[in-house]
Structure formats: C-alpha cells, structure tokens
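Everything below concerns the one structure shown next.
Quantities reported herein were computed from a predicted structural model and do not represent experimental measurements.
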Protein chains: 6
Amino acid sequence: MPDRLDSSTYRRLVREALAEDVGPGDVTTAAIVPADVRLSAAIVSNATCVIAGVDVAREAFALVDPAIEFIDLCSDGSICQPGDRVATVSGPAAGILTAERTALNFLQHLSGIATRAREFVEAAGGRLKVLDTRKTIPGLRALAKYAVVCGGGVNHRVGLYDGILIKDNHIAVAGGVAEAVRRVRATGTLLPIEVEASTLDEVDAALASGVDVVMLDNMDDETVRAAVREVDGRARVELSGGMTVDRVRRLAAAGADYVSIGAITHSAPAVDLSLCVIDG
Amino acid sequence: MPDRLDSSTYRRLVREALAEDVGPGDVTTAAIVPADVRLSAAIVSNATCVIAGVDVAREAFALVDPAIEFIDLCSDGSICQPGDRVATVSGPAAGILTAERTALNFLQHLSGIATRAREFVEAAGGRLKVLDTRKTIPGLRALAKYAVVCGGGVNHRVGLYDGILIKDNHIAVAGGVAEAVRRVRATGTLLPIEVEASTLDEVDAALASGVDVVMLDNMDDETVRAAVREVDGRARVELSGGMTVDRVRRLAAAGADYVSIGAITHSAPAVDLSLCVIDG
Amino acid sequence: MPDRLDSSTYRRLVREALAEDVGPGDVTTAAIVPADVRLSAAIVSNATCVIAGVDVAREAFALVDPAIEFIDLCSDGSICQPGDRVATVSGPAAGILTAERTALNFLQHLSGIATRAREFVEAAGGRLKVLDTRKTIPGLRALAKYAVVCGGGVNHRVGLYDGILIKDNHIAVAGGVAEAVRRVRATGTLLPIEVEASTLDEVDAALASGVDVVMLDNMDDETVRAAVREVDGRARVELSGGMTVDRVRRLAAAGADYVSIGAITHSAPAVDLSLCVIDG
Amino acid sequence: MPDRLDSSTYRRLVREALAEDVGPGDVTTAAIVPADVRLSAAIVSNATCVIAGVDVAREAFALVDPAIEFIDLCSDGSICQPGDRVATVSGPAAGILTAERTALNFLQHLSGIATRAREFVEAAGGRLKVLDTRKTIPGLRALAKYAVVCGGGVNHRVGLYDGILIKDNHIAVAGGVAEAVRRVRATGTLLPIEVEASTLDEVDAALASGVDVVMLDNMDDETVRAAVREVDGRARVELSGGMTVDRVRRLAAAGADYVSIGAITHSAPAVDLSLCVIDG
Amino acid sequence: MPDRLDSSTYRRLVREALAEDVGPGDVTTAAIVPADVRLSAAIVSNATCVIAGVDVAREAFALVDPAIEFIDLCSDGSICQPGDRVATVSGPAAGILTAERTALNFLQHLSGIATRAREFVEAAGGRLKVLDTRKTIPGLRALAKYAVVCGGGVNHRVGLYDGILIKDNHIAVAGGVAEAVRRVRATGTLLPIEVEASTLDEVDAALASGVDVVMLDNMDDETVRAAVREVDGRARVELSGGMTVDRVRRLAAAGADYVSIGAITHSAPAVDLSLCVIDG
Amino acid sequence: MPDRLDSSTYRRLVREALAEDVGPGDVTTAAIVPADVRLSAAIVSNATCVIAGVDVAREAFALVDPAIEFIDLCSDGSICQPGDRVATVSGPAAGILTAERTALNFLQHLSGIATRAREFVEAAGGRLKVLDTRKTIPGLRALAKYAVVCGGGVNHRVGLYDGILIKDNHIAVAGGVAEAVRRVRATGTLLPIEVEASTLDEVDAALASGVDVVMLDNMDDETVRAAVREVDGRARVELSGGMTVDRVRRLAAAGADYVSIGAITHSAPAVDLSLCVIDG
C-alpha cells in the first residue's frame, strides 16, 4: 500500500470542495457556536472497509481551521471494522462542524473505491493484477487512482498521455492493427504499446506487430482461455470488459497478467462513515 | 425537469477533466489519426436510465475541437432504453476519440444520479418530495444537484450557506433546541430554520421553538408515524437516515413532506454508455 | 457583532489587491529601504467610525512579509474616535511600506460600510432590522456583507441562490403574483419566498399567495403604513427603495420588520485612516 | 476620453462578480422564467452623470447568455441626463434578469467614479490636471483608473511599480531627501522621481536633488502658493491632501501642474441606474 | 512533423505572457494610435531557421484583438531563409503593436528550439533518434517538447510521471540496480523501465535486470561503443551527457537507438524575427 | 545586487513548474525510495557563473516537502567557480529527488541570464548602464529581470505599461515624431518619454520634441558617435540593436548612458549545475 499521497494532489480539490459546501459561510454554525467552544470527535466506520484518504480528510479540517488537531488512527490501506475509529479531531467546535461534511465526503468516496478494489484483488488471488481504468469521476482521477492502490490494485495509464492504447476506432482509422502500430512506432515513443483485441484474429494481428500488451476486450471465458494460449508469453495480457468479482475469481488462473475494471472507480458505493462527538 | 443547465457551472469542470485525462496529449490518437480523418459516432445507452448531462458531454467535445458537431437526441430528464442513441457526434476523428472518455465519464455519472433519483421518486409516488443532501462527490455538487432534478428530485440546501439546519451537535453546543433556535433568530436571517430530531421529545422541542421544518433522523417506521401525528401540520417534515427504495415506498403515505437520501449522490452507479461508430 | 471572518474569504482578494498594487515590485522602497531596517507604526483613525476588516489588513502585511507583527487594538464592530489607534505594525520597514496602501484600502472601505450601516441601525432604533442588498461593489460582496454585520446590520440573501425574491419583471413574465409563486412552489424549494410589491393591490396578491416576506418597494410613507396594516402579521415586511437615515428614523415604528438600503454597500465613503510611524 | 477598454482587464472581474452573485444558480428566475421567454429592456440613468463601463456591463450579459443583444446608446465618457437610456438589452429574459444586477453594479460604480472625476476636472478648469491615486477599492484598480480617464482625469502611477514616489517614511529611513534620491538614482531607473514635501524646506531639499515632480502634501493655501513660487518651473508640482471641489477651484490658478484626489476612487457614490422593461 | 498543437496547451500561457507584458495597458500605443487606424505587417525571419509556434503567435494577436487577421505563410516544422515571411497580420494597428512583442517572444524562442533540434537531427543522420530531456525552461515544457518535434526530434518522457528512469541516486538508495528494478516491477506498472549506467558493470547489471532501455550516461566514445556491443540488442540504448553536434555526428553509427540533449531546450538561442510593416 | 526577491513573484511559477514535471506523480521515486530514507546533497556549479535564483530553487524543494532543509552557500549576484557549492539540501530523499530537476531548471536558467548580463556589464566598464529589454521568455519576465540585476544590469521598463517608448511604427501612425510626442504629452502622463531613432534626422526630431531619452537603434559606430555629439546632454541616450560584448566594449566610452541587449534574456545559455549526493 502506498506510503504517501502528495498534498499538492488534493489541496486544491479540498479547497474547492470546501468552497462549494461552505460558500459564503456556514450560517447555522456561525449563529450557534461561539468561537471559544471546543469539541472532540471521532470519525467512525459503520462498515467493514478499506480506508483511503485520511490525509485528505485531515486537510479539510486544517483548511477550515489550522487549530483543529487531527489524529489518524488508521492509515490508508488498512481495513476497518464497524465501530472502528479512523481518526479523531479536537479543537474549535465551529471549524470541526463546518469541515465535517467535506472531510467525510472525500473519505467515504475514496474508501469506497479502495474497498471495491480490494474485493477484486481478493478475487484475483494474486494471480492477476487488478487495474483501474480511465473511467473515473471527473476531477478526482489522481485521488481515485491512489485509492485503487490503497485497495491493492495497480494503476493503468493515468490518462491519454502516459500509455499507448490502440483501440478499435484507432485500428479502423489506420486500416488495420499493423498500420496502427507502425504509425505509433514511427513517433519513436518510449512508451509500451497495448492493443485492444476482441477476437482471436485480432490477437494474432497484435502479436504479429510485436505489441507489448494485448487487451482481451469483452471476450467470453472460453475465448479468453484460447487467446491466452495463443499469446503464449509473447506479450502481456489484460482482461477487460464486464468483469464482476465472480468472473475475476473464475478467470484468475487463466494465465493472463492483468484485469481492468471500470466499476472500481465509476460505481463504488460510498463507505458509511460518521463523525461522533466524544464525551468528556 | 429543468430546462437549462448554465454552462458556467460546468465549463471549468470539463476543462479540468480534460486536463487530467489528456494532459500533455493523447499520444495514441496523435500518432495514428491524421488531422483530416472524419468520424460519425453515436453515444448509445446500454441500460434503461434517466439521462442527465447532455450539455456537459457536448462541452467536452467542443472544448477539444469546436469543429465537432454534437446533436443531442435525448434531453436531460428523459428516459432511455437499451440501444437508444443519446446523441451523435461527427467531425474530426482525432478530437472525437480524445474527448470521448471525458464526455462519457460525465454523462454516465450524472445519468447514474438521475436514474437513482428517479427510482426514489417513483417509490415516493408523488406523496413525498425526494431531496438530495450535501453528501455529494467533492467538486461536482452543482452538477449532482442538477442531475437529481433531472431524475425528478428536489434540491435541499446547496451548501452550508443557503439553509439553516440545526443538527445534534449544534444543539449540544447551544444546550438545547430552544437556545439554538434563539441564536439563529437573533441573527435576523431570512432563511427557513430546520431542526434535526431523533426522538419525539426532540420533535416537541423543535415545534415549541416554532421551526419551519423538522427532520426526523434515523427513526424507525413507527416513530416516524408518531412524529408526523405529533407535528400535525405545525411544521414541514423531512424523513432522513437509512432510506431505501422499499422504505420510501412504505413511508410514502405517512404524511411527511420530504425524504432525503444521501445515496442518490454518493453511491449512484454509473450508467453504461458507449460511443459507437456509425457506418457510412 | 460577528466574532470571526474566515480567512478563505479574503486571502485571495488580498493577494489580488497586492498584485495590482505591487505588480513587479515597489521600486521606490526597493531602492531606498535596506532589508534590515525596522519600523513601528500605528494605523490611526482620523474620524469617528465603526471598524471592519482588521484581519484583512493584517493579512495584507502578512502576505508581504510574514515577519511583520500586527497587533490589533480595535476589534471589528468597535467604534473608534479620531486619534484612536486601530492596530500597530512592527517589523521590516520595507514590507510595511509596501503593504501599507493595500491594507488601508481594505480597512477604509470596509469600515466605511460598517460606519454607514451603523448610522442606519441607530436610526432604526431596534425596531427595524437593517438589511443590505445585492448592490455591492463587484468582487467584494462577502467582505461587504461582513462589514454590514459589523455595523449592526443583517444580511439579506447573499446572491441569487440563497433566497427567492420575486420582482416585478418575474411577475410580468409569469403573468401575475399567484402564478409566479406557484411556479416557485412547484420546485419544492425549502427557501422562503419574498415578493416585491409597489401597490396595495400587489400586497394583497402576495398575501393571497401565502408568501413569507413582502417587500414594499418605493412606496411613500402613507402607503407604507397602509400596507403594514394590510399585512397585519400574515407575512414579514421589508421596506425598500430610496431609504435615507431620516426616513428610516421616521418609519422605524411603522410596524415593518426590515429595511434594506443599497447605499450602505454601493456608496459608503471611505473612512479616513492613516499609518503613522511610532517614535522610538 | 479613452476610445477603448481592453476586455482582458475586466473579463475575469465580471466572471467573478457573476460567480459571487449567481453562485449555484438564480433560483427565482429558474423557477419562474421559461427558457423561451424574451425581453427587451433599457438601462436608464436616473441622474446627471458621466458614464463609464458600458462594455463591462455588456460583458456581464454576454457571459450569462451570448444570445442577449446589447446595444450601447452612450459611450464611456459621455454625459447622461435623468431619463437617458445608456443601453438596451434584448433576448432571453432569464439571462437578462440574472445578469442585471452584476451589470448595474459595475456600471453604477464606474460611472460614479467618472462623475466624481469630472466634478474635479471642471473645478480645475483646465489649469490643473486632475490625478487619481492608489487609494482605490481593492481588485478594481484598472477599471477605476479607466473611469477616472472617462471623467477627464489623468492617471497617476498605477501601482508601486510604474513610478517613483518618495514619501516621508522613505525619507526618514534614508536620513534625508538627498540620500533617498541618490539611492533611487543608483538603481539606474528610467522612471521619473517624485518627492513628497510638506514644508518649504522639504521643497527646497527636493529641488536641490533635482527631482522631476514635487508633491505638496497637506499644505494650506498660502504655503501652496509660496511653494509654487519657490519651485519656479524647476520641477512639476502636484497638490495633494484634503482636496475638495471648492479648494481645487480656488487653487486652480496657483501655478501647480497636478492635483491628486483619493476620494475620486475611494468614496465616489454610485450613480443611480435601473433596468426598465421596454413595452412592445 | 506534428500536424497540430492543441490550443489548450498554450492559451493560458499566451494570456499570462500578455498579462506580464501589457499589464494595465500599452500606454504608448493607447496615447498615439487611434482605434480606427489599420495596419498590415509581416513577421519576417532574419535567419535560416526551423519555424515552431505559428499558432501560438496567432493566439497572441487574437487575444489582444480578435479583429486582427493572421495568415500563416509557413507551417511549423518548415525551414525559413533570411527574408522569408512567416506570417502576415492585418487589422487594427493598436492591437497589432500591443501584441507584437508577445507573439515574437514565443515564436523566436520555440523556433530557436526547433532549429537547434534539427541541427542535432541532421547530425544523427537518421541513425539515432534525437530525444529531448526534462531540462526545459520552467512553465513552457509542453511547448518546448512540441518545438523539438517540429525540429525532427522525439520526445522523451514529458515529466516524472510517464516513464520510469532509474538514476544513480535511486540505485544508491535501493542498494543496487537489481533491487531498484525489482521495486519498480513490484508496483505492476505498465511503463517501460530505463536505467542510467555510467560504467560497463552498470550496463551489465541493468541488462541482468531485464530493463527496456539503458542510458549510457557521460561515457567517452570508446566506452559507448563497448557498451553498445555489450547490450547487443537486449535493450534499447540511449546516449546522454555532454552531447555536441559534432559528437552526435561521430556516434551516429555506433549502434545506439537514441541520443538525448538537454541543450536543445535549455540553451537554444532565440531566432531573429521581426515584424515589418507592409507598404500600401 | 538586489537584496531580496519577493516570493509572490515566483511561488506560482514554481508550483506550475512542479505540476508540469511531477504531474500525477514521480513514479520512479515513489516505487524505489521509501518515505524514511534521508539524503544530503549539494547543488554544485560546473562553470564560472553569476548565481541567480537561489530562493526559487529553495521554494521548489519546500513545495515538494517542507521537511527538506535548504542551506544557501552563495547569494544571488555572487560569482561561483567550477566545483563551488551553491547550496545544500538535506532531508527526505524522495522529495529531494522529485524536486531536483525543477529547482535546477530555474537556477540554471536564471544564473545563465545573470552570467550573460555580467559579461556585458564588464564590457561596459561602468561607463554605460546595461539594460534588459522586453525580449524575455514568456512567463518568466519578472524573474528574468531580477536575474539581470543580479548580473549588474539595470531594468528597462518591465512591460508596455511602465514606460513610454515611441517606436518607428508609432511614429509612422502619428505622422512624425513631433505629433507622436504631442499625443503622449496630451494624456498628462508622468512617465518619461523615450523615442527610437535610427538616423541623425530622427535624433534631431526627438530632441526638438524635448524627449527624455533617445534610443539610437541599429546605428553603426560612427553614427552612434555623431548622434551622441548631436544630443549633447539634452536627453539621455540608449544604444540598441545588434550589441555584442565586443561592440559594447568598443562603444563604452562613446558618451551614451545606456545600452540595451535582448540576447541577455532571450538567448542566455543555461549554466551547468548538478545535484551531487554528499557522502556520510
């Protein structure tokens, strides 16, 4: 699990999230909570989950009031059980109440992704690396990809710029896999070349072009197994399309290297977390 | 359903989403697709869903290349069946392929929220207004709240600034509902005052303070019904906490005015959409 | 008077104000004042005024040089007499001289608003709440609204998003008050509904629609009194349009709840403040 | 009067002003005004004034909805009488109503500055150039300085970077005018050197150092006249401090070159403008 | 040579460059050039060079005044001789004169990089691909890398995120090449792995770890040749460190794949270009 | 040499430079370097140079990890010999390696400008002030102008806003020097007026208009000497156009005041600097 998340990745996001939530001011808290009232509270998990984003939550409190002390009790990547405390916050009550929702919104979303990633990682049983995709919720990709790693997954290319992935539409434009790969090679790029294939013929074409990775896209189980045999170590193999936890478990031993799953980032339900006041 | 979504709400978000996806450049497309190749494609729904965010998708293509023509075939709030075309795009192939993922990422996420909202709205059967909450994915609140309206829901306060919601922690700090409400009134605010209550005693305290809305938080069905009888029209009533579609259906006729559901925005699965090239 | 002003409200504004004043550099100070010269100075009021914006002034010095020590001697909302010290600054002379004008520009403008607000609040004698409007100097609304509170006023809606105010043009488009209110109600909004009325008939129409607040716009004193009698507690009443200090004093006891005055924010003269070096 | 105002000066400001006013949306207009309703209206002056900022107002409407047609009937720097139309807008009613306040807030503030500048320019009767100062409302300096020119005034340095102005505190740090000027000269700067003087001795010291401009700061009328005689054309002379329209009229023929007045920009009351629907 | 440069890459940069040059206004042009004066001028090359950045120059004129017509006569990547016209501009004279310097500053810098790149590409004679490095002038990397391609070069990784390059300090921390490569492999990354080697032993260690690319760093010619023989096709080879045009020519046939040169981007002299008014 | 560089000048630039280099993350360092490994290293000069930008380099390390200790051993404006240490950094190895390139990119570029400036300053031998121009690399003007001062040069106007420079195209539009100067004077500006002249007749015309500075543009040596005699102290004289170090040495005693050289900022080669790990 990653040992750091760079604050420059999330500081602007937290600032914008606070801006959209607090706007011109937390009118309820401003009216009710005097500046000198202090509070201690814990972020508590109400479910079994993998935590991700503790430092992002910390930042939300710190940006609202640097006087709030935030102590993390779980680190990113660790597993919480219902009732476990993820962190405690103590300090000016007003700031804690104002920052609460923004902190939790980040933490529950990122932990949701980490938790989902881990389900797939466990299904893969170490025999397939679990990759994310570019199907992320807009604006949060860096955090989402970090959360995937917290859940034990591996990051596929971050965007369109750090990996070559030749998809069906590229192949159609080029008039074939061979020509598409040739055009990429002609740029002299140092990046690895991956090609999407949905039939065994396309797998053969990709192999003939000497690509680094073949993505088996939306194949049924039987075709997947045939394709892996066909590749026979001449390229790395990525499974993609319609992957459920059950199917990953079933295909884990098929001999592929990677499985990529969009749902980890685009459809992970939020983890149920809450902020509970700690008595005296 | 809303008849417009202001572009200033989403232009910056689309620009940032493109920046995180395209970064220094779509290396695959730049290598393979010449500038003069043109393409026509359709965004197709692979599920029954409520569409939201068509103009956001349009913006993604327009920002990448203003020469791309985007024709919407569904309007926000309309229902699509599997196989339905949501929109068509035609123009320079390179720009279409570069913008595709960003456009779909917005559209599948917002349509997911609208679809989820509508499930609850249908369960409520017109007897309860379905509200969203502030439990939104950070950075996307304005769009998420718009998607809720596309699904037939109603927006609760947008943030901490456009509504008074006195929660348990505020009450604890103030030393009681009466004092909390008094402090809010003392500011002279024109905003309506809502108080969270989790017991019948708290409902009574709220009513005694003359609040505008009482939120029945995490009560069981029986207590909800008792609380509604207790309120007896002296305030509007909002149900909140652990609301599922089934429970909303069950409580629809209980006499409350609103039900608020965080999961609509924090846990809506993405709708399955894809971009398909149109032949000829 | 408010007990805090969130730094996120003004940090960007102070940074931009410094940017527009200092630009590529304070050429005079850079040439004349060595880095090791220190200075002590006081911000002195040359008029009777209500102070607002002390922390904004502090920020201007802090952003130019964190080594400058700023000690506030007046808090926002307090009244200064000519010759009173508002704050002292001590530290590197260069930074103090560079930041001086920006700090004073904020402080003199915000204190001007607070001072103007207080004149109206005193005229209202506690019988009318004094509201600001959206007629603020662009870019400074949050600070202007804060200054109004420092002067004892109350904030009307911050913008177009946190309150419903149905004005004559809305009514004209809808074809009448009743239809306009109906359309707003149909959105399910939780916000209070205010309607502008300039005749007694319009007041009646607003009351018939059950609005929360009636704004009596540009009525003469006699009509105001008649309208208040007509409303008779069925809605809150706001006076608006052409309000001078004298007129507010005259109408204070007319039975209305609020008076709103654009001039507090759009035409408040700056308070005369200066930075005076402290000997020895 | 200036024949253009660069849009890059104000586009960001208008965008931010709209953001602070419209925020997540104009809830009243969204509820009441259908997208297909159109409106024609005029911006009407309710006072005698010098207009400034027509293009800024145009931008506010254009940013909200590019379909709004804005026709200016007055140009910046021209004089309007009560009842005169400054501009007309026509197009989608919703956008016009949403943009109205932001457009007017800019126009009434800038026209206020231009109007105030012109009062001083008329008092100076062409014998003194009327300068603005750096005492501007934060964030709006470029627009404020433009408005001063619309009123017939002349811009003093824009900020600390485009002019040398040696003030009393600089002189104190340097240990005298001569040394302060020497230090500035040593930088090799091409900028003109102005020195603040509040006594005749200080005027002499400035002249002895060969400065380009002497600022007579807070002198009484008699001392001003003596100082001008003393300078006797060896430098340009600027009057500053406590300048009212009457005093400028009185000192216009004293032989100075410039008079600078902070109140033009920091205390100009807004001009009364309104948006009136045009029938038929 | 690249057939497009995405405007989103440079629009912000051009806007900021204009802001730093024009600031509060081009005072000379505003004073002298009336708004209705028109001008036609040509951007002329005073040297033999490879052009890069034509669209960036176009943007500078367009941002200052969209009414300026810019016609490119050379495309990026083409070679100009002294006296050749790169582009013509015609339209409002004021805008042309204001934008001139910013447009030329971009064009002369980027063309300088392209010209320098081409010198190396010609020296390499098609036997080595000429790579850029991360040694770029801050803020301009995307444009600099584009200019390299215009000159016939190939882009090495854009930043620290789109390629693995294990340098001496990484190896020292890991305790050896083998362990460093193992740690990278353990992340599951799809990116190619490059290792820096400055001795033949280090080359062997890199090969033993199965890396994709070996960078021969600061080796003398003889060692380079020995290292290439040692690699013998088991990895791609990049030459780096102290590469001059002469040395690239000498090593072109040594059997390596790439040569990377920091000076192309960090020390390319500007191409001499000027804007000349076109008569009649 | 300047005794300070304001951090607000460079903080945003460093942040953007880090963003373009680090992007979504330094994948090599993240994989190899554990968070608890520490490193000490020195920035070493490999050439004789004038250092500029030490605080900018410091900022790069500080933004990546505030725990990195940066100790400067040379101050801006001082001269380094090959092997001299400019600064040391010690702290978390990961952050040091991630920030290294960005820090060096700034330092090597700015020191390159300072070094180039000093060559010209030495050639001028104190008899001519060496000015920079507006021919700077876009986005870095403030830093570039600072580096010029570090090298002993003097800053010409920063942009189009802080100096009047009437060039040939302005004169052509106005129809002559006299009219161009008259138009500038009519604005009442306090800025000095400089006119470009390329013949002795133009010098005469400029003098007749009483300008403050005459720029002798692209004249040969003989004409320069004649022009200086012609001016005879009636204006300051700036030499410009095609100035090499040799020519500056030759013309140093010609009697002009300034020489301006674009190449100092647009074509200064980077100084060779490297980061070397310090043993034990």
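- With chain A as partner, the option from B/Arg185, B/Lys135, B/Arg157 having the largest number of non-hydrogen pairs under 4.5 angstrom is B/Lys135.
- There is no contact between A/Thr133 and chain B, counting heavy-atom distances below 4.5 Å.
- B/Ser267 approaches A/Ala270 most closely through the heavy-atom pair OG-N, 2.8 Å.
- Look at A/Lys167 and B/Glu100 and you find no salt bridge, because none of the NZ, NE, NH1 or NH2 atoms lies under 4.0 Å from a carboxylate O.
- By a heavy-atom distance cut of under 4.5 Å, B/Thr187, B/Leu191 are the residues of residues 186-195 of chain B near chain A, going up by number.
- For the set A/Val184, A/Leu275, A/Thr102, the count of heavy-atom pairs under 4.5 angstrom toward chain B peaks at A/Val184.
- Looking only at side-chain heavy atoms (C-beta outward), A/Glu16 and B/Glu16 come within less than 4.5 Å of each other.
- Side-chain contact of A/Thr28 with B/His170: a donor-acceptor pair under 3.5 Å is absent, judged by distance alone.
- Between B/Pro138 and A/Phe106, the shortest heavy-atom distance links the atoms CB-CZ, 3.4 Å.
- Of the two parts of A/His109, only the side chain, counted from C-beta on, holds a non-hydrogen atom closer than 4.5 Å to a non-hydrogen atom of chain B.
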Could you pull out all donor-acceptor pairs under 3.5 Å where a side-chain atom in residues 171-181 of chain A meets a protein atom, sequence neighbours excluded?
| unit_1 | atom_1 | unit_2 | atom_2 | d |
| --- | --- | --- | --- | --- |
| A/Glu179 | OE1 | A/Arg182 | NE | 2.9 |
| A/Glu179 | OE2 | A/Arg182 | NH2 | 2.9 |
| A/Glu179 | OE2 | A/Arg183 | NE | 2.8 |

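- At a threshold of 4.5 Å between non-hydrogen side-chain atoms, the residues B/Leu160 and A/Val27 do not count as touching.
- Taking CG from B/Asn169 and CD1 from A/Ile96, the interatomic distance works out to 9.5 Å, rounded to the nearest 0.5 Å.
- Comparing B/Ile164, B/Ile166, B/Asn105, B/Leu18 by heavy-atom pairs within less than 4.5 Å of chain A, the highest count is held by B/Asn105.
- No other option in A/Val14, A/Asp21, A/Asp162, A/Leu104 has as many heavy-atom pairs under 4.5 Å with chain B as A/Asp21.
- Ranked by heavy-atom pairs under 4.5 Å with chain A, the first of B/Val277, B/Leu13, B/Leu165, B/Val37 is B/Leu165.
- Both the backbone and the side chain of A/Val22 come within less than 4.5 Å of a heavy atom of chain B.
- With respect to chain A, the highest number of heavy-atom pairs below 4.5 Å among B/Leu143, B/Leu140, B/Val158 belongs to B/Leu140.
- Here the closest non-hydrogen pair linking B/Pro24 and A/Tyr161 is CD-CG, 3.5 Å.
- Using a 4.0 Å cut-off between a side-chain N of Lys or Arg and a carboxylate O of Asp or Glu, B/Glu20 and A/Arg134 do not qualify as a salt bridge.
- If you measure heavy-atom distances from A/Arg12 to chain B, the contacts under 4.5 Å come from the side chain alone.
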